[in-house]
Amino acid sequence: MQTPVKFVKRIGARIAEGLHERGIETVEDLLYHLPFRYEDRLHPKPLSAYQPGEMASVIGEVRGTVLLRTRSGPIFEMTVGVAPLNAATELTMDGLLRPPPIFETVKCLWFHGSYLKDRFRPGQRIALYGKLEGSRSGNALNAPPGSTKFKMVQPTFEILPDSNATGEDAEFTTLEMGRIVPVYPSVGGTTPWGAKLTSRWLRRVMWTIFRELKESGAFESGARGAAEETLPAALCERLGLPSRMEALEAIHFPAAGTSMTELMSARTPAHRRLIFEELWYLELGLELKRRRLREREGTAFVTNDQVREALKQVLPFKPTAAQKRVLGEIVADMRAPRPMRRLLQGDVGSGKTIVALEAALVAIENGYQVAMMAPTEILATQHYLSARKLLRDAISPSKKKPYRVTLLTGSLDDRMKRDVRGRIFRGESDLAIGTHALVEEKVDFDNLGLVIVDEQHRFGVQQRFKLMRKPGASGAAMEPDVLVMTATPIPRTLALTIYGDLEASVLDELPPGRTPIVTRRMPEERADEVWDFVRKQVEAGRQAYIVYPIIEGERDDQPELDFAKDESSESASQQVSESATKSKRGAKGKLPLEVKPKRSVARAKLRSASEMFDELSSGALHGLKLGLLHGRMSADDKDVAMARFQRGEIDVLVSTTVIEVGVDVPNATVMVIEHAERFGLAQMHQLRGRVGRGAAKSYCVLLTGSKISPEAELRLDAMVQTQDGFALAEIDLAQRGPGEFFGTRQAGLPEFRVANLARDRDLLELAKSEAARFVESPDPEISKAERDAVWTRLKRQWQRRYGLVEA
Ligand code: ADP
Ligand code: MG
């Protein structure tokens, strides 16, 4: 298995070089290059078993081909006859032989397909895979009258070996036909003579490898077989998992009768085994990391009467039960003489900030400094202002002095920055709040005891490591406690995997007195009714946000945006906008009822924050005090706009998504999101979380343009149906996949070979508990040699795959 691939038959040095670029070095690596789909060529389905629009995999016979010259280039057209169900002749009731079955035909088209013209001969057997569509044109070429008409545009195809093939082809016939056939993701590259490394090529290579592995005893129970096994035998047995070699073979060459559904969803026992293995090693590594952390030395904070008194001074309200419990968990962790690494999970509005500030006070009362980082300047500033407000009249019981809070963001001028850094260095700041500037700029703390990272859902997890490694004034590496706050409500096991070395606390309760936010989607052409509603709310003393995806023209507000990928820029398709239907205005200040959007009205371009600020100021919202906020304003201007909104001097804040995270103005009751179809779920949920923070009833209006993809429909529906961040995160995760959802690279997550964190949640749970058990008290049947092999393997993998070299 560790043999370099260049020694494998039909690979050689040239191809090996290409494979190397894909990270494939050894036979083992190659075997983990798994099929991404399968074709059932043992029981192929007839065309009529598919619905138009479905991806179909069929086997047929080439009937005829033609190269059509058209103005837009040559089109290669091929007609393929496909056997219907039960194609074999049968005796009918009256004892007569049925007439030979009428073949269904499918017409295949390749644009610019001249290169294909000499590839096919009538009578050839061919496997096709592609989207099946109904064909509008008349009878396909050579098709018997009455045959079904289907079409496939640019299907992938494989010419199947002839039954009278000779030589190598004959040997490999069984790999292409009469079985479930694997289809591989491309490995790129070509053979030395220029042929592509196709699935067919891979099948032959894999087949050869398995044959040789079998000959060398890798599949046997002897020492050679044991050497290829990567999980303790007793563990596999207890969990009913096949051996590794068996699993690999069954994935590449599934036995007849394997469920196609299980194969396609990676749920065969073989898949489960490989997924479990991958996740088990990951969890094993994380478990060790957490354990090692527990052995390291950290600050043991004490909680005495002074600390309790300090906390009491600053509590503006009765904490929820969840807040109390979570603070208890955090403080218990802080008291332990080891560095805290804790994740504070809580949905939007669950009240994380106050919990974090209380943890900060515990550290400060113990004579330490606290650093608090936020993902945006607005948020850092807001944390700063609310900390100042909360601590305004408080006197530190231990120091008999007020608390000293400083703000450090990138936009401060150099002199100010130097000044703040100086104060932090000299220990004249108890609580330093800032953006990345806190880690990126040269900030030395006098006596840093606790780091709070408010990352909401878009902060590089990596950054906290940088901060942790900062050397202290004394020169020794300091190990402050770390508390990471996140609003991404993902399941606990998943969180513990993503945030590898952290323990988790969950705020699972909203502060009391919140009424559910009314969420409604409205087509853009009814925006006037929405503006009317906003006006009524303002007249009732409330405030509103109106959020746009872009600042002006077509310029995105880049720093904060993460549009769902599926919508391309609408503005590209310039379409004439019908005059917005001036429907009757919502007279009583009630939110108009929802109607399905009219499909025909298309917008000329995206509405933008600056343009709509002008338009609304002089139009629909004339007379109200409007403010504008976007990412390209100077930090000072942003602060001013935010502060004025906070103080109620602005009624309506027209903004881009810069206000997405954390902003807390309880008097705001309306959130209007324009072009909501362009926003991701997490983003909309965050935006909606800006309202519903006070006791007054709040509203979220999703204004939509005319082009809404099915994925966007799903997101909008989900938003209307639930306010549960947990449920929304599930949908988001399923829709975007873990890579996008977590921003894999950014989060420092490993790239999995087999596993998929969104799909394999059940196996992740299992892997985590089994990993803990293995570390704690492994099954007695697991031998010392097996355990040693696990650790050796873990070390090797951990460094190679995850690049996380242990400190
Ligand atoms: P998030 O978890 O989204 O950061 P915040 O910490 O901003 O939430 O809190 C949301 C709002 O709820 C704030 O206005 C905060 O003052 C308020 N709040 C927090 N805890 C409580 C509580 N126990 N009782 C009442 N209001 C609370
Ligand atoms: Mg917050």
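The structure presented is a predicted model; accordingly, all values stated were derived computationally and were not measured. Start at 1 and go down the list; that is how both ligands and their atoms are numbered. Position 1 is the first residue of the sequence, and the numbers go up from there. Note: hydrogens, waters and symmetry copies are ignored here, and every other heavy atom, side chains too, is used.
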Which residues pass the ring-ring contact (aromatic ring centres under 6.0 Å, His included) test with Tyr384, sequence neighbours left out? none
Gly351 to ligand 1: N or O pair under 3.5 Å? yes
Output the list of atoms in ligand 1 that are nearer than 4.0 Å to some heavy atom of Val348, sorted by atom number. 3 (O)
What I want to check is whether the side chains of Thr303 and Arg308 have a donor and an acceptor closer together than 3.5 Å. no
If we set the cut-off at 4.0 Å for heavy atoms, which region of Thr353 has an atom near ligand 1: side chain, backbone, both, or neither? both
Is there a side-chain contact between Met671 and Tyr699 in this structure, where contact means two heavy atoms from C-beta onward sitting under 4.5 Å apart? no
Do His685 and Phe679 make a side-chain contact, defined as non-hydrogen atoms from C-beta onward lying under 4.5 Å apart? no
Which atoms of ligand 1 sit under 4.0 Å from any heavy atom of Thr320? 23 (N)
Please work out which of Gln345, Lys352, Lys324 has its closest non-hydrogen atom nearest to atom 1 (P) of ligand 1. Lys352
Looking only at heavy atoms, is any part of Met485 under 4.0 Å from ligand 1, and if so is it the side chain, the backbone, or both, or is it neither? neither
Contact check: Gly349 vs ligand 1, nitrogen or oxygen atoms, below 3.5 angstrom: yes
Is there a donor-acceptor contact under 3.5 Å from the side chain of Asn366 to the main chain of Val302? yes
Can you spot which of Arg388, Lys399, Lys401 makes a salt bridge (Lys or Arg N to Asp or Glu O under 4.0 Å) with Asp430? Lys399
Do any heavy atoms of Gly346 fall under 4.0 Å from ligand 1? no
Within a distance under 4.0 Å of any heavy atom of Pro511, pick out the atoms of ligand 1 and give their elements. 18 (N), 19 (C), 20 (N), 21 (C), 22 (C), 24 (N), 25 (C), 26 (N), 27 (C)
Using the test side-chain contact (heavy atoms from CB on, under 4.5 Å), find all partners of Glu428 that sit at least two apart in sequence or belong to another chain. Arg404, Arg423, Arg426
Pro319 and ligand 1 - part of the residue with a heavy-atom distance under 4.0 Å: backbone
Looking at Lys318, which atoms of ligand 1 are within less than 4.0 Å of one of its heavy atoms? 22 (C), 23 (N), 24 (N)
Go through Phe301 and Tyr368 one step at a time and tell me if the ring-ring contact (aromatic ring centres under 6.0 Å, His included) criterion holds. CA-CA 9 Å; Phe301 295 96; Tyr368 288 89; 5.2 Å; yes
